[in-house]
Amino acid sequence: MATLVKISKALGTTPDALLGVKREPEDLPEPTERSKLIDRMVSAVNNLDDYELAIAVQQVEVILRLQGEKAAAAKARE
């Protein structure tokens with residue numbers, strides 16, 4: 001059981017999901033592509049050590065800064 005918990009944690013899921021046990025109501029919507037990407041990101045981040053996590057945060061901050069600069073440049077062209 002401990003191995004199953006470790007595997008599910010590494011994959012960012014639950015032991016129930018790995019075993020095919022459904023606890024959710026059947027009427028829940030299907031996950032969106034965005035929610036799937038977020039799940040993948042969270043799973044990956046949970047497997048980083050503190051140093052690697054700091055690097056990942058800096059990389060995301062660069063993306064956000066560039067996104068802001070791009071928006072500002074587009075607004076200036078208007």
Side-chain angles (χ1 to χ4, degrees):
M1 182 59 118
T3 302
L4 180 61
V5 172
K6 288 179 185 179
I7 292 169
S8 64
K9 184 178 178 182
L11 295 174
T13 188
T14 65
D16 287 343
L18 289 176
L19 296 173
V21 176
K22 284 190 148 190
R23 291 184 149 185
E24 306 88 25
E26 293 292 326
D27 61 346
L28 281 179
E30 287 294 315
T32 63
E33 287 304 311
R34 181 176 179 85
S35 69
K36 291 177 189 178
L37 289 170
I38 291 171
D39 288 346
R40 286 177 55 197
M41 179 67 81
V42 169
S43 179
V45 166
N46 283 333
N47 289 291
L48 300 177
D49 65 25
D50 290 346
Y51 177 75
E52 294 163 337
L53 180 59
I55 292 170
V57 168
Q58 290 174 356
Q59 290 173 328
V60 170
E61 289 171 344
V62 168
I63 292 169
L64 292 173
R65 188 185 75 232
L66 293 172
Q67 184 182 45
E69 290 173 3
K70 182 179 175 183
K75 188 175 181 179
R77 287 191 298 265
E78 291 178 354

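Remember, it's a predicted structure, so these values are computed and weren't measured experimentally. Residue numbers start at 1 and run along the sequence shown.
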Inset, instruction - Just jot down the side chain to side chain contact (heavy atoms under 4.5 Å, CB included) partners of Asp49, sequence neighbours excluded, or say none. - result: Tyr51, Glu52

Legend entry - Distance (rounded to the nearest 0.5 Å) between Asp39 CG and Leu11 CG: 11.5 Å

Legend entry - In one Ile/Leu/Val/Met/Phe/Trp/Tyr side-chain cluster, 4.5 Å: Leu48, Met41: yes

Legend entry - Nearest atoms (heavy-atom pairs only) where Ala10 meets Ser43: O-OG, 2.9 Å

Expected list for residues 62-78: side-chain donor-acceptor pairs under 3.5 angstrom, two or more places apart:
| from | atom 1 | to | atom 2 | distance (Å) |
| --- | --- | --- | --- | --- |
| Arg65 | NE | Glu69 | OE2 | 3.4 |

Inset, instruction - For Lys6, check salt bridge (Lys or Arg N to Asp or Glu O under 4.0 Å) against everything at least two apart and list the hits. - result: none

